Amino acid sequence: MDSNNNNYYSPSSTSSTPHPTTTTNNTTDPVQSWWETVSKARSRILSLSSIIPSHPSSSSFSLSSLADSDRPAISFLSSPDAYSLISSSLSSPVSGSGSDPLCQWLYDTYLSSDPNLRLIVLSFLPLLCGIYLSRIHSSDSSSAPSLAGFEAVLLAVYSSEVKSRAGKPVVVQIPHLSNPLALSYPAKQAAQIAGSGSFYWGSVLPS
């Protein structure tokens, strides 16, 4: 991976000066919490609209219009026009570099605490992976363009997953083709065999 993706990581500043002890109110105002979430989502979408122009074929649509919703991130996820606009930008031949503002936006947005904003980034992950893999395998390594922007987004998602799983891998049991299908057995018998793990997953006939 290109070392330029380090530009996307900046350590948090810390201070050696101890903070004075203060008494805080643990009661959280739900209205204020909701408004802060909405404000952050609107800010992220408005910042995206400033770096990606609207598509000429859809003059009636603009990303900034999604920010006016009371649920901006959900509105974004529900908008085919928004998905098409971002997909076109990701598919651009010059996308994916360390200076790509869209990659920077995806990276910063994934670091958000809002799960819906993070879901926006994850919705483009299959496309981003496909473009990234196709470019690294179709280009000569000596003349391949920088893909540090794509790599930074992928590393952000990977690091988040590793942290959430406390470093434990996700174990997937691969079926063995020598074992019979559950389809061959009635439901009751299939359930008994399933307990022994002697067949791989399939449809189960009714009893």
Side-chain angles (χ1 to χ4, degrees), residues 1-12 40-41 43-58 61-63 66 73-74 76-177 200-201:
M1 288 191 179
D2 198 307
S3 60
N4 290 335
N5 57 18
N6 291 331
N7 295 334
Y8 283 83
Y9 294 87
S10 58
S12 301
K40 290 178 181 178
S43 176
R44 293 308 303 160
I45 293 176
L46 287 174
S47 66
L48 179 63
S49 66
S50 67
I51 62 177
I52 297 183
S54 298
H55 199 280
S57 62
S58 57
F61 170 78
S62 66
L63 286 172
L66 301 176
I74 297 297
F76 190 106
L77 289 166
S78 305
S79 172
D81 290 324
Y83 186 86
S84 176
L85 191 60
I86 305 305
S87 298
S88 297
S89 295
L90 286 175
S91 303
S92 169
V94 296
S95 66
S97 67
S99 59
D100 186 347
L102 177 55
C103 290
Q104 179 72 65
W105 186 90
L106 291 171
Y107 177 85
D108 292 338
T109 301
Y110 190 74
L111 298 183
S112 167
S113 58
D114 185 346
N116 290 324
L117 283 176
R118 292 165 63 89
L119 190 58
I120 290 177
V121 180
L122 292 177
S123 68
F124 293 103
L125 198 58
L127 175 63
L128 191 150
C129 288
I131 297 173
Y132 175 75
L133 291 175
S134 66
R135 289 185 185 177
I136 63 175
H137 287 292
S138 61
S139 302
D140 181 12
S141 58
S142 60
S143 60
S146 170
L147 298 175
F150 283 166
E151 291 168 353
V153 177
L154 295 174
L155 284 173
V157 175
Y158 173 78
S159 299
S160 176
E161 286 298 307
V162 170
K163 183 178 180 180
S164 65
R165 298 171 185 172
K168 297 180 181 179
V170 176
V171 180
V172 179
Q173 184 176 2
I174 301 176
H176 200 293
L177 296 181
Y200 60 92
W201 185 88

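Just so you know, these numbers come straight off a predicted model, no measurement behind them.
Ser95 is linked by a side chain to side chain donor-acceptor pair (under 3.5 Å) to Arg135, counting only residues two or more places apart in sequence or in another chain.
Using a distance-only test at 3.5 Å, with no hydrogens or angles considered, no donor-acceptor pair links the side chain of Ser84 to the main chain of Pro80.
Closest approach of Ala41 and Ala73 over heavy atoms only: CB-N, 4.3 Å. Closest approach of Ala82 to Leu66, counting heavy atoms only: CB-CD1, 3.9 Å. Heavy-atom minimum distance, Ala152 versus Tyr107: O-CD1, 3.5 Å. Considering every non-hydrogen atom in both Ile45 and Leu63, the closest pair reads CG2-O, 3.4 Å. Here the closest heavy-atom approach between residue Ile131 and residue Leu90 is recorded as CD1-O, 3.4 Å. Shown here for Ile51 and Pro101, the closest heavy-atom pair between the two residues is CD1-O, 3.5 Å.
Considering only heavy atoms from C-beta on, Tyr110 comes within 4.5 Å of Leu122 through its side chain. Side-chain contact between Val153 and Tyr132 is absent, with no heavy atoms from C-beta onward closer than 4.5 Å. Residues Ile86 and Ile120 have side chains not in contact (no heavy-atom distance under 4.5 Å, counting atoms from C-beta outward).
Note: Ser159 OG to Leu111 CG = 9.5 Å, rounded to the nearest 0.5 Å. The distance from the CZ atom of Phe76 to the CG atom of Asp81 is 11.0 Å, given to the nearest 0.5 Å. Note that CH2 of Trp105 and CG of Leu102 are 8.0 Å apart. Values are rounded to the nearest 0.5 Å. Distance CG/Leu119 to CG/Leu77: 5.0 Å, rounded to 0.5 Å.
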The test is side-chain hydrogen bond (donor to acceptor under 3.5 Å, both in side chains); show your working for Ser160 and Arg118 and say whether it passes. CA-CA 11 Å; Ser160 176; Arg118 292 165 63 89; 3.0 Å; yes
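Aromatic pair Phe124/Tyr83: centroids less than 6.0 angstrom apart.
There is no side-chain donor-acceptor pair under 3.5 Å between Asp100 and Gln104.
Among Asp108, Asp114, Thr109, the one residue that satisfies the side-chain hydrogen bond (donor to acceptor under 3.5 Å, both in side chains) test with Arg44 is Thr109.
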